[in-house]
Amino acid sequence: MAVQRTFSMIKPDATRRNLTGKIIAKFEDAGLRVVASKRVQWQRADAEEFYGIHKERPFFNDLVDFMISGPIVMQVLEGEDAVAKNRQVMGATNPADADAGTIRAEFAESIEANSVHGSDSPENAALEISQCFKEEEIVG
Ligand code: ATP
Ligand code: MG
């Protein structure tokens, strides 16, 4: 499997509890490198655009409210099989189902406040990276 890039976000529940470093350490320990990073406060339109694929889901409005409730950290992670590896390190969406040792098992508060986002395919990774970073902001 070739070296890939994926998009990652540390969500407001985690920045609020000062868990940024502990979460990044999980990625680094798994062999992923942070090659781009920025901490931002999203406005409603940013969250609505990013999560547009979930517009019809019943939790959409709550998810948008949550994602603008505090700062997030956007990152590009690089490494072998980075898309799948990131999802493994994150654990299942619902922390109750997440494997021991994963970020969501250790840190998530709920199915919504689940500490991290990660792209679910190489295609979405490329799209999400280009939505959030300029090429020159990514430094391998
Ligand atoms: P993410 O896209 O954030 O990496 P995911 O791919 O594991 O997470 P998705 O199904 O894409 O999960 O859902 C996006 C986000 O919406 C979840 O991470 C979570 O914050 C929220 N969410 C998903 N399902 C629910 C639900 N049933 N109730 C409340 N919030 C939910
Ligand atoms: Mg998803």
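Counting starts at 1 for both ligands and their atoms, following the listed order.
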**Prompt:** Under the 3.5 angstrom rule, does the side chain of Glu128 hit a backbone N or O of Ala125 as a donor-acceptor pair?
**Reply:** no
**Request:** May I ask you to identify, for Arg87, whether its side chain, its backbone, both or neither come under 4.0 Å of ligand 1 on a heavy-atom basis?
**Result:** side chain
**Request:** Check if Glu128 has a non-hydrogen atom at a distance under 4.0 Å from any atom of ligand 1.
**Result:** no
**Message:** When you compare the side chains of Arg87 and Ser119, does any donor N or O come within less than 3.5 Å of an acceptor on the partner?
**Reply:** no
**Item:** Closest protein heavy atom (residue, atom, distance) for atom 14 (C) of ligand 1
**Value:** His54 NE2, 3.5 Å
**Complete:** Checking heavy atoms under 4.0 Å, the part of Asp62 that sits near ligand 1 is neither
**Request:** Could you tell me the residue and atom name of the protein heavy atom closest to atom 29 (C) of ligand 1, and the distance to it rounded to 0.1 Å?
**Result:** Phe59 CB, 3.6 Å
**Complete:** For Asn114, the ligand 1 atoms with a heavy-atom partner under 4.0 Å come out as 17 (C), 18 (O), 19 (C), 20 (O)
**Complete:** Correct closest heavy-atom pair for Ile68 and Gln41 would be O-NE2, 2.9 Å
**Prompt:** Out of curiosity, does Phe50 fall in the hydrophobic cluster containing Phe133 (side-chain heavy atoms, cut-off under 4.5 Å, transitive links)?
**Reply:** yes
**Fill in**
Among non-hydrogen protein atoms, atom 1 (P) of ligand 1 lies closest to His117 ND1, 3.0 Å
**Item:** Atom indices of ligand 1, in the order listed, that fall short of 4.0 Å to a heavy atom of Met90
**Value:** 4 (O)
**Message:** With a heavy-atom distance limit of 4.0 Å, tell me whether Phe66 approaches ligand 1 through its side chain, its backbone, both, or neither.
**Reply:** neither
**Message:** I want to check something: taking the side chain as every heavy atom from C-beta on, are Ser37 and Met74 in contact at a cut-off of under 4.5 Å?
**Reply:** no
**Prompt:** What protein heavy atom sits nearest atom 19 (C) of ligand 1, and how far off is it?
**Reply:** Ile111 O, 3.2 Å
**Asked** Can you find an N or O of Leu63 that's nearer than 3.5 Å to an N or O of ligand 1?
**Response** no
**Complete:** for atom 3 (O) of ligand 1, nearest protein heavy atom and its distance come out as Lys11 NZ, 2.9 Å
**Request:** Go through ligand 1 atom by atom and flag the ones less than 4.0 Å from a non-hydrogen atom of Gly118.
**Result:** 4 (O)
**Item:** Phe59-Phe66 aromatic ring centre distance below 6.0 Å
**Value:** no
**Request:** For atom 8 (O) of ligand 1, grab the closest protein heavy atom and report residue, atom and distance to one decimal in Å.
**Result:** Arg104 NH2, 3.3 Å
**Fill in**
If we number the atoms of ligand 1 from 1 as shown, the ones under 4.0 Å from a heavy atom of Arg57 are 10 (O)
**Prompt:** Counting distance only, does the side-chain N/O of Arg17 pair as donor-acceptor with the main-chain N or O of Asp13 below 3.5 Å?
**Reply:** yes
**Message:** Below a 4.0 angstrom heavy-atom separation, can you tell me which part of Met9, side chain or backbone, both or neither, approaches ligand 1?
**Reply:** neither
**Message:** Using a 3.5 Å distance criterion without hydrogens, assess whether the side chain of Arg104 forms a donor-acceptor pair with backbone atoms of Ser115.
**Reply:** no
**Complete:** Taking every heavy atom of Phe27 against every heavy atom of Gln75, the minimum-distance pair comes out as CE1-NE2, 3.6 Å
**Message:** Checking a contact table here: which protein heavy atom is nearest atom 20 (O) of ligand 1, and how many Å away?
**Reply:** Glu112 O, 2.8 Å
**Whether Asn86 side chain and Val83 backbone form a donor-acceptor pair below 3.5 Å** = no
**Complete:** Within the 4.0 Å heavy-atom cut-off, what Met67 brings close to ligand 1 is neither
**Message:** Return the closest protein heavy atom for atom 7 (O) of ligand 1 as residue, atom name and distance.
**Reply:** Thr93 OG1, 2.5 Å
**Prompt:** Should Thr102 and Val89 count as side-chain neighbours, where that means a heavy-atom distance under 4.5 Å?
**Reply:** no
**Asked** What's the verdict on salt bridge (charged side-chain N to carboxylate O under 4.0 Å, His left out) for Arg33 and Glu78, showing C-alpha distance, side-chain angles and the deciding distance?
**Response** CA-CA 5 Å; Arg33 301 179 70 85; Glu78 186 178 84; 5.4 Å; no
